[in-house]
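See structure below.
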Amino acid sequence: MAGEFELCPGRRVGGDQPCFIIAEIGQNHQGDLDIAKRMIRMAKECGADCAKFQKSELEHKFNKKALERPYTSQHSWGKTYGEHKRHLEFSHDQYRELQKYAEEVGIFFTASGMDEMAVEFLHELGVPFFKVGSGDTNNFPYLEKTAKKGRPMVISSGMQSMNTMHQVYEIVKPLNPNFCFLQCTSAYPLQPEDVNLRVISAYQSAFPDIPIGYSGHETGIAISVAAVALGAKVVERHVTLDKTWKGSDHQASLEPNELAELVKAIRTVEKAMGSPVKQLLPCEMACNEKLGKSVVAKVAIPEGAVLTLDMLTVKVGEPKGFPPEAIFDLVGQKVKTNIEEDETITEQAVENHVKKVKC
């Protein structure tokens, strides 16, 4: 099916596949490996498909002055931005330990490679797919190198324009057909008026051969559920164990009860999307039998009379007769028996009646 591919072993996205739900742990682990493991287990227990982190090789992501600049924010883990980021960055061995733990728990594990060297490490680690964060979506050399690795890609689009996303598509598509775009607005927390869910539909029109998803930084779950109703095939949300913890992402993250509710709501909406065919369903039969209306005689109608509209009305009738939509078809037809006032018009009472088959 167009727009469908295997994102993780045995797990396809796009088409009629269920929405793939990414629990973005990011760096909400506070630099603590045990907390990171607790969050992986939490993501699994809440029903998410994947636990995702953010991996940087700091000297490749930031220049020297960026790492040396003072960082006095209430969220800081060090005197400089470099000290802050080093506190939150897990080593290669720690990533291998987390990957092993996720495998034991039974949840897919990956990370956003925040620079080219981080992508090299994640490729060596064997993650099922690469997540491209919004900050690298217009980093075209990075995109080329990442796409050439051959792993599926999930590409966020925060801070980008539609023109840039067309360029991204043209770069990635010839190198790697297995990728999707996520509508995203890079603000933490994100206000509803800045979400622009209609971009999902715009992406679906502009890029009909790839799945489209949503990466949200808003509070609550309603907007993410709406994204699924609009056709998002991948949903990514930041998660935390406690929104009051130090760190700028926690406030825009979901606590365990919210993540569980989001997963439940998404699965409910997927069931509710159902079929585009409109018809009387088996579950409606009881209501139809009880309250469905029929054509009845508005006045007494003698045998042999030709029916006119002023002889007929619509009521809940016993027994059931012609449905209301058949009333105009009955006009001009002859009855072959006396019909009392307020009596249901049945097929047996109408001469030469041929039942029309509904399409």
Check your understanding: Heavy-atom distance under 4.5 Å between the side chains of V235 and I22, does that happen here?
Key -> no
Exercise for review: Taking only Lys NZ, Arg NE, NH1 and NH2, and the carboxylate oxygens of Asp or Glu, determine whether K336 and E351 approach each other closer than 4.0 Å.
Suggested key: no
Practice item. Verify the neighbour count for atom NZ of K145: are there more than 12 heavy atoms of other residues, nucleotides or ligands below 6.0 Å? Key: no
Check your understanding: Can you tell if the side chain of E270 reaches within under 4.5 Å of the side chain of V228, non-hydrogen atoms only?
Key -> yes
Review point. What's in the same ILVMFWY side-chain cluster as L280, cut-off under 4.5 Å, chained through other members?
Key: M285
Expected list for residues 34-43: side-chain donor-acceptor pairs under 3.5 angstrom, two or more places apart:
from : atom 1 : to   : atom 2 : distance (Å)
K37  : NZ     : E97  : OE2    : 2.6
R41  : NE     : Y101 : OH     : 3.0

Review point. Looking at side-chain heavy atoms only, is the closest gap between F322 and D329 below 4.5 Å?
Key: no
Revision key, fill the gap. So the side-chain hydrogen bond (donor to acceptor under 3.5 Å, both in side chains) pairs with at least one residue in residues 284-305 (sequence neighbours excluded) are none
Check your understanding: Minimum heavy-atom separation for C19 to I266, with atom names?
Key -> CB-CG2, 4.0 Å
Exercise for review: Determine whether C184 and Y214 make a side-chain contact, defined as any pair of heavy atoms from C-beta on separated by less than 4.5 Å.
Suggested key: no
Exercise for review: Please answer: with hydrophobic residues joined when any side-chain heavy atoms are less than 4.5 Å apart, are Y95 and M114 in the same cluster?
Suggested key: no
Review point. Restricting to pairs with a member in residues 129-138, which pass side-chain hydrogen bond (donor to acceptor under 3.5 Å, both in side chains), not counting sequence neighbours?
Key: K131-S156, K131-E236, D136-N139
**Study point:** Nearest-0.5 Å distance, OG of residue S91 to CZ of residue R96
**Key:** 8.5 Å
Point to revise | Contacts of type ring-ring contact (aromatic ring centres under 6.0 Å, His included), residue H166, not counting sequence neighbours | key: F207
Review point. Do H250 and E255 pass the side chain to side chain donor-acceptor pair (under 3.5 Å) test, and can you show the C-alpha distance, the side-chain angles, and the key distance before you say yes or no?
Key: CA-CA 9 Å; H250 291 286; E255 290 182 339; over 6 Å; no
Check your understanding: Hey, quick one: are F328 and V335 part of the same hydrophobic cluster, counting side-chain heavy atoms closer than 4.5 Å, chains of contacts allowed?
Key -> yes
Using atom types as modelled, flag every donor-acceptor pair under 3.5 Å from a side chain in residues 172-180 to any protein atom, sequence neighbours excluded.
from : atom 1 : to   : atom 2 : distance (Å)
K173 : NZ     : D209 : OD2    : 3.1
N176 : OD1    : N178 : N      : 3.0
N176 : ND2    : A147 : O      : 3.4
N176 : ND2    : R151 : O      : 2.7

Review point. So, S224 versus E218: side-chain donor-acceptor pair below 3.5 Å or not?
Key: yes
**Study point:** Cationic N near anionic O, under 4.0 Å, D49 to R267
**Key:** yes
Point to revise | Neighbour count above 12 (heavy atom, 6.0 Å) for K246 NZ | key: yes
Check your understanding: For the atom pair CG (L241) and CG (L254), what is the distance rounded to the nearest 0.5 Å?
Key -> 12.0 Å
Practice item. Determine, using ring centers only, whether F53 and F109 are less than 6.0 Å apart. Key: yes
Check your understanding: What's the shortest heavy-atom distance between V263 and G47, and which atoms?
Key -> CG1-O, 3.7 Å
Exercise for review: Would you check if there is a donor-acceptor pair between the side chains of Q27 and H84 at a distance under 3.5 Å?
Suggested key: no
Review point. Heavy-atom distance under 4.5 Å between the side chains of V225 and L262, does that happen here?
Key: yes
Review point. Does the pair K55/E57 count as a salt bridge with the N-to-O cut at 4.0 Å?
Key: yes
Check your understanding: Does a donor on one side chain sit under 3.5 Å from an acceptor on the other, for E24 and Q54?
Key -> yes
Check your understanding: Do M153 and L125 sit in the same hydrophobic cluster, where Ile, Leu, Val, Met, Phe, Trp and Tyr count as joined when their side-chain heavy atoms come under 4.5 Å apart?
Key -> yes
Revision key, fill the gap. Heavy atoms of V199 and Q183 approach each other most closely as CG1-OE1, 3.3 Å
**Study point:** Hydrophobic cluster (4.5 angstrom, side-chain heavy atoms) - remaining members for L67
**Key:** L58, F62, Y71, Y81
Point to revise | Minimum side-chain heavy-atom gap S248-Y188 below 4.5 Å | key: no
Point to revise | Hphob cluster co-occupancy, M117 + L122, side-chain heavy atoms under 4.5 angstrom | key: no
**Study point:** Lys/Arg N to Asp/Glu carboxylate O, R12 vs E4, below 4.0 Å
**Key:** yes
Check your understanding: Does E103 CD have over 12 foreign heavy atoms under 6.0 Å away?
Key -> no
Point to revise | Donor + acceptor pair across side chains of N28, S253 (<3.5 Å) | key: yes
Using residues 304-319 as the side-chain source, report each donor-acceptor pair under 3.5 Å to any protein atom, sequence neighbours left out, with the distance given to one decimal.
from : atom 1 : to   : atom 2 : distance (Å)
T308 : OG1    : D310 : OD1    : 2.4
K315 : NZ     : D342 : OD1    : 2.7

Review point. Is V331 reachable from V299 through a run of hydrophobic residues whose side-chain heavy atoms are each under 4.5 Å from the next?
Key: yes
**Study point:** Over 12 non-hydrogen atoms of neighbours within 6.0 angstrom of CD in E343
**Key:** yes
Point to revise | Non-hydrogen atoms of I339 and A349 that approach each other most closely | key: CD1-CB, 3.9 Å
Review point. Heavy-atom distance under 4.5 Å between the side chains of T110 and C50, does that happen here?
Key: yes
Point to revise | Shortest non-hydrogen contact between P323 and V295, atoms and distance | key: O-CG2, 3.6 Å
Review point. Checking side chain to side chain donor-acceptor pair (under 3.5 Å) for the pair K52/S112: CA distance, chi angles, key distance, verdict?
Key: CA-CA 7 Å; K52 189 183 82 66; S112 298; 2.5 Å; yes
Review point. Is V154 close to F130 at the side-chain level, that is, under 4.5 Å between some pair of heavy atoms?
Key: no
Review point. Counting heavy atoms not belonging to K100, are there more than 12 under 6.0 Å from its NZ?
Key: no
Exercise for review: Only counting residues at least two apart or in another chain, list the ones meeting ring-ring contact (aromatic ring centres under 6.0 Å, His included) with H75.
Suggested key: none
Point to revise | Geometric class of the H87/W77 ring pair [parallel <30°, tilted 30-60°, perpendicular >60°] | key: parallel
Exercise for review: List for me each residue that meets ring-ring contact (aromatic ring centres under 6.0 Å, His included) alongside H92, sequence neighbours excluded, and say none if there are none.
Suggested key: F121
Point to revise | Shortest non-hydrogen contact between I200 and G213, atoms and distance | key: CG1-O, 4.2 Å
Exercise for review: Go through the structure and list residues passing ring-ring contact (aromatic ring centres under 6.0 Å, His included) with Y142, not counting sequence neighbours.
Suggested key: none
Point to revise | Counterpart residues, side-chain hydrogen bond (donor to acceptor under 3.5 Å, both in side chains), relative to K149 (two or more places apart) | key: E120
Practice item. Begin with the C-alpha distance, continue with both residues' side-chain angles, and end with the deciding distance and a verdict on side chain to side chain donor-acceptor pair (under 3.5 Å) for D242 and T244. Key: CA-CA 5 Å; D242 189 336; T244 66; 2.6 Å; yes
